[in-house]
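Because the structure is a prediction, the values reported are computed rather than measured. So you know, we letter chains A, B, ... as the sequences are listed, proteins then strands, and number each from 1.
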Amino acid sequence: MIRDDLARALAEAVAAAAPALGLDPADLPAWDLTRPRQKEHGDWTTNLGLALAPKAGRTPRSVAEAVVEHLRAGGPGRDLIASVEVAGPGFINIHLKGAWLHDVLRAILERGPAYGSREESRGLRVQVEFVSANPTGPLHVGTARNAVIGDALANVLAADGWDVEREYYWNDTGTQMENLGASIEARYLQRLGVDAPFPESGYQGAYVGDLAEEIAAEAGERWIRADPEERRRFFLDEGRRRMIANVRSTLERFGVSFDTWFSEGSLGPSGAIDAAVARLRQAGHVYEAEGATFFRATAFGDDKDRVLIRSNGEPTYFAKDVAYLIDKFGRDFDRLVYVWGADHHGAVARLRGAAQALGYDPSSVDFVVYQLVSLYRGGEPVRMSKRTGDVVTLDELLDEVGPDAARYTLAARSSDSPIDFDIEVVTRQSMDNPVFYVQYAHARIASVLRVAAERRVELRSWTPATFEELTEEAELDLLRKLAELPEVVEQAAELSAPNRIARFAEEAATAFHRFYTECRVITEDDARTQARLWLSAGAKRALANALGLLGVSAPESMERLGGDGDSAPDAGDGPSTPAADPGGD
RNA sequence: GCCCCCGUAGCUCAGCGGAUAGAGCGCCGGCCUCCGGAGCCGGGUGCGCAGGUUCGAGUCCUGCCGGGGGCACCA
């Protein structure tokens, strides 16, 4: 990448200038090489003059001048530089030769679906565990945000060279599952005319009745007079089995897949929980009090010590978490990522503490904590009550808004920002909803390429000389924007912030629209037509790659909106071309 | 009370310590003989308040105010 070449050239110039500046080349303050906000400040800018000045005991500008002199003297990597100047308080602004932008297009076309990704693997494994909703009910919007963040982050990490594994953890044992089983059992009996009491804290949702209905249809009345213990067991197992299937089918529909489905039930029988407690005890961080077993979490920055084994002998959820953590580390990951809703953030400190107590490197465990989602419809809050089962399920949401709009809306915002998800707004195909703006840009490009083909404008294979036609400001601005994708991916991975990809996609779409408005693609000028067609193809590729990272489709065409643009034709049946399909172009 | 997140334009939000803080929506005015007008161009002194660190703070630290979430031998 060009940035690396520049950084190297600058580092060499700094090293060369160091003696004269009275600096030790082996002990220099850190400096940055970034893209300036203002185009006039060049293609790249560095603050090294400002950064090194205090240590050199000279003014930032004079330090910058000294380094620039060595930079101008030449050396490897300098052939890209058109001009260098010291500006403002001491920045070094670097203007590159126009050719570098042509190289960007070349890189996009050569790398295709891989453009934006690192060329070399890091050789490191990361596990992203996400969703992990209890199989006691259907997925809802909150878990949808988790699914989108986790999935997009996994994509981004993969693009950043990590070997990624996606995992879903089923909380498929314990009182909540028994509760679900008992709830279905009661509904089953009631459905068949038996006067059965509904559990005190049972699940009221309609899906419980639906499951009971299904089971009744298949098994008939034979469980009415069955042995109570056997019947309890049956409904527990059936409930678990069917809810897991339900959740998996919703995720599939949402375009989210996992490499590993990890059952909590597999921890207990293997003795992993006892082993986990024993390991913490061995490390000296466990004590008994009031009949329970505690982890000294306060020794690791938590508010209070945490119970591992309750006084009734049952392990807590936390104990299982620790056992699961040990299991994960046992699988040789270099890094673990947890995607948790803000309602769980309180559990971060204890789990990180446990990791530390067990001797693991706590910095290899990342928690992506996202703020919660509130549902609205036309500005009115949609009431959600777990108790009454009055929730909007993810399936229902997908029926209304479709996966693309839902995914984009949930992925585009910073995880630190709460989301008011207004079904009406997200369904509307307008700029309230940028997903259509970006998809439209992609479809528009596809259309141009189609028109070119229809008019028998042959798109010939390019050579570097093809791109020399690209000299208009709008063309170069588009290329400048497209050039950012690799850096954006890198940042998104580093900061666990996949929303940056959405931001890029919108900016790239804008840059294309501007280019399209100002530059006619298909003209009588053959050389120019070739260059602009290839530029369009490159923009299409970059947009598709960005959308693909978000798990949003990049349509070849979209339904035209009629007349006044107010009619919003069925969003659910929108574009369905899978963006991630690497086959294209 | 303690912990976490947030407070940026009328609204929704983006901005990993850098120069003149951006985008969409809404509002006003322009732009189609021609490749998709779901588009483009123009119109803008807004970083909650007060201190501090720094050559430089929307960004880091402290306090305050306001909003959301969490503080179980629940999952």
A/Asn134 near the nucleic acid: base, sugar-phosphate alone, or nothing, with a heavy-atom cut-off under 4.0 Å?
sugar-phosphate

Complementary nucleotide of B/rG56, counting Watson-Crick and G-U pairs under 3.5 Å:
none

Exactly one of A/Val382, A/Ile419, A/Asp420 clears side chain to side chain contact (heavy atoms under 4.5 Å, CB included) with A/Leu375, and that residue is A/Val382

Is there aromatic stacking of A/His344 on B/rG69 here, judged by a ring-centre distance under 5.5 Å and a plane angle under 30°?
no

Please work out whether B/rC71 sits syn or anti, treating a glycosidic angle within 90° of 0 as syn.
anti

Taking atom P of B/rC3 as reference, at what distance in whole Å does atom CH2 of A/Trp340 sit?
20 Å

Could you give the distance separating B/rU12 and B/rG18 at their C1' atoms, to the nearest angstrom?
28 Å

Looking across every strand, which nucleic acid part, if any, lies under 4.0 Å from A/Asn179 by heavy atom: base, sugar-phosphate, or nothing?
nothing

With a non-hydrogen cut-off below 4.0 angstrom, is A/Arg514 in contact with a base, only sugar-phosphate, or nothing?
sugar-phosphate

Please work out if A/Glu290 contacts a base, only the sugar-phosphate, or nothing of the nucleic acid, heavy-atom cut-off 4.0 Å.
base

Who does B/rC35 pair with, Watson-Crick or G-U, both distances under 3.5 Å?
none

Options B/rG69, B/rC55, B/rA75, nucleotide nearest the side-chain atoms of A/Leu372
B/rG69

Measure distances between side-chain N and O atoms of A/Thr316 and base N and O atoms of B/rC73, and say whether any donor-acceptor pair falls under 3.5 Å.
no

Between B/rC35 atom P and A/Trp534 atom CH2, what is the distance in whole Å?
23 Å

In whole Å, what is the span from the CG atom of A/Leu449 to the C1' atom of B/rG36?
13 Å

Would you tell me if any nitrogen or oxygen in the side chain of A/Ser447 comes within less than 4.0 Å of OP1 or OP2 on B/rG36?
yes

Identify which nucleotide among B/rA75, B/rG15, B/rG36 has an atom closest to any side-chain atom of A/Asn499, counting heavy atoms from C-beta outward.
B/rG15

Rounding to a whole Å, what distance do you find between A/Gln371:CD and B/rG67:C1'?
11 Å

Report which part of the nucleic acid A/Ala342 touches: base, sugar-phosphate, or nothing (heavy-atom distance under 4.0 Å, all strands).
sugar-phosphate

A/Thr46 or A/Ala292: which one's nearest nucleotide on RNA chain B is closer to the 5' end?
A/Thr46

Select one nucleotide: of B/rC3, B/rC41, B/rC55, the one nearest the side-chain heavy atoms of A/Asp303.
B/rC3

What contact category does A/Thr34 fall into here, base, sugar-phosphate, or nothing, at under 4.0 angstrom with non-hydrogen atoms?
nothing

Do A/Arg480 and A/Asp43 pass the salt bridge (Lys or Arg N to Asp or Glu O under 4.0 Å) test, and can you show the C-alpha distance, the side-chain angles, and the key distance before you say yes or no?
CA-CA 9 Å; A/Arg480 265 187 268 273; A/Asp43 295 301; 3.4 Å; yes

A/Lys304 side chain: which of B/rA72, B/rC13, B/rC16 is closest?
B/rA72

So, for A/Tyr338 and A/His344, is the gap between ring centers shorter than 6.0 Å?
no

For the pair made of NZ in A/Lys39 and P in B/rU20, what is the distance, rounded to whole Å?
19 Å

Which word best sums up how the rings of A/Phe300 and A/Phe295 line up, parallel for under 30°, tilted for 30 to 60°, or perpendicular for over 60°?
parallel

Rounded distance in Å between the C1' positions of B/rU59 and B/rG1:
30 Å

When the P atoms of B/rC6 and B/rC41 are compared, how many Å lie between them, rounded to an integer?
32 Å

Taking only the side-chain heavy atoms of A/Tyr440 (C-beta and beyond), determine which of B/rA19, B/rG36, B/rG69 contains the nearest atom.
B/rG36

Carboxylate-amine/guanidinium contact A/Arg3 A/Glu490, below 4.0 Å
no

Base of B/rA19 paired with side chain of A/Asn93 (donor-acceptor, under 3.5 Å):
yes

Do the ring planes of A/Trp170 and A/Trp261 sit parallel (below 30°), tilted (30 to 60°) or perpendicular (above 60°)?
parallel

Ignoring hydrogens and geometry, is there a side-chain-to-backbone donor-acceptor pair from A/Ser183 to A/Tyr203 under 3.5 Å?
yes

Is there a donor on the side chain of A/Thr45 or the base of B/rA19 sitting less than 3.5 Å from an acceptor on the other?
yes

Tell me: CG of A/Asp32 to C1' of B/rU59, nearest whole Å?
14 Å

Work out how far the C1' atom of B/rA75 is from that of B/rG66, and round it to whole angstrom.
32 Å

As a test of reading the structure: which of B/rA19, B/rC16, B/rC40 is closest to the side chain of A/Leu495, going by heavy atoms?
B/rC16

Between the protein and nucleotides 6-12 of chain B, list the N/O to N/O atom pairs that are separated by less than 3.5 angstrom.
| residue | atom | partner | partner atom | Å |
| --- | --- | --- | --- | --- |
| B/rC6 | OP1 | A/Asp416 | OD2 | 3.3 |

Contact nearer the 5' end of RNA chain B, comparing A/Phe318 with A/Ala509
A/Ala509

Measure CH2/A/Trp44 against P/B/rA19 and give the value in whole Å, please.
16 Å

Paired nucleotide for B/rG7 [Watson-Crick or G-U wobble; both distances under 3.5 Å]
B/rC65

Side-chain N,O (A/Arg520) to OP1/OP2 (B/rG36) below 4.0 Å:
no

Of the candidates B/rC4, B/rA19, B/rA23, the side chain of A/His345 sits closest to B/rC4

A/Tyr376 and A/Glu424: side chain donor to acceptor below 3.5 Å
no

Minimum-distance nucleotide to A/Gln176 side chain [options: B/rA75, B/rC55, B/rC35]
B/rA75

Taking it one step at a time, do A/Glu264 and A/Lys320 satisfy salt bridge (Lys or Arg N to Asp or Glu O under 4.0 Å)?
CA-CA 8 Å; A/Glu264 174 198 319; A/Lys320 296 175 187 173; 2.7 Å; yes

Name the closest nucleotide to the A/Tyr516 side chain, picking from B/rG36, B/rC73, B/rG58.
B/rG36

Mind checking A/Arg37 for me? I need base, sugar-phosphate or nothing, with any heavy atom below 4.0 Å counting as a touch.
base

With no angle test and no hydrogens, is the base of B/rG69 tied to the side chain of A/Asp343 by a donor-acceptor pair under 3.5 Å?
no

If we call it a pair only when both distances are under 3.5 Å in a Watson-Crick or G-U wobble match, what pairs with B/rC2?
B/rG70

Side chains of A/Arg514 and A/Lys481 in contact at under 4.5 Å (non-hydrogen atoms)
no

Measure centre to centre between the rings of A/His345 and A/Phe367, then say whether the value is under 6.0 Å.
no

Take atom CG of A/Asp366 and atom P of B/rC16, then tell me their distance rounded to the nearest Å.
18 Å

Against the side chain of A/Thr175, the closest entry in B/rG36, B/rA75, B/rA19 is B/rA75

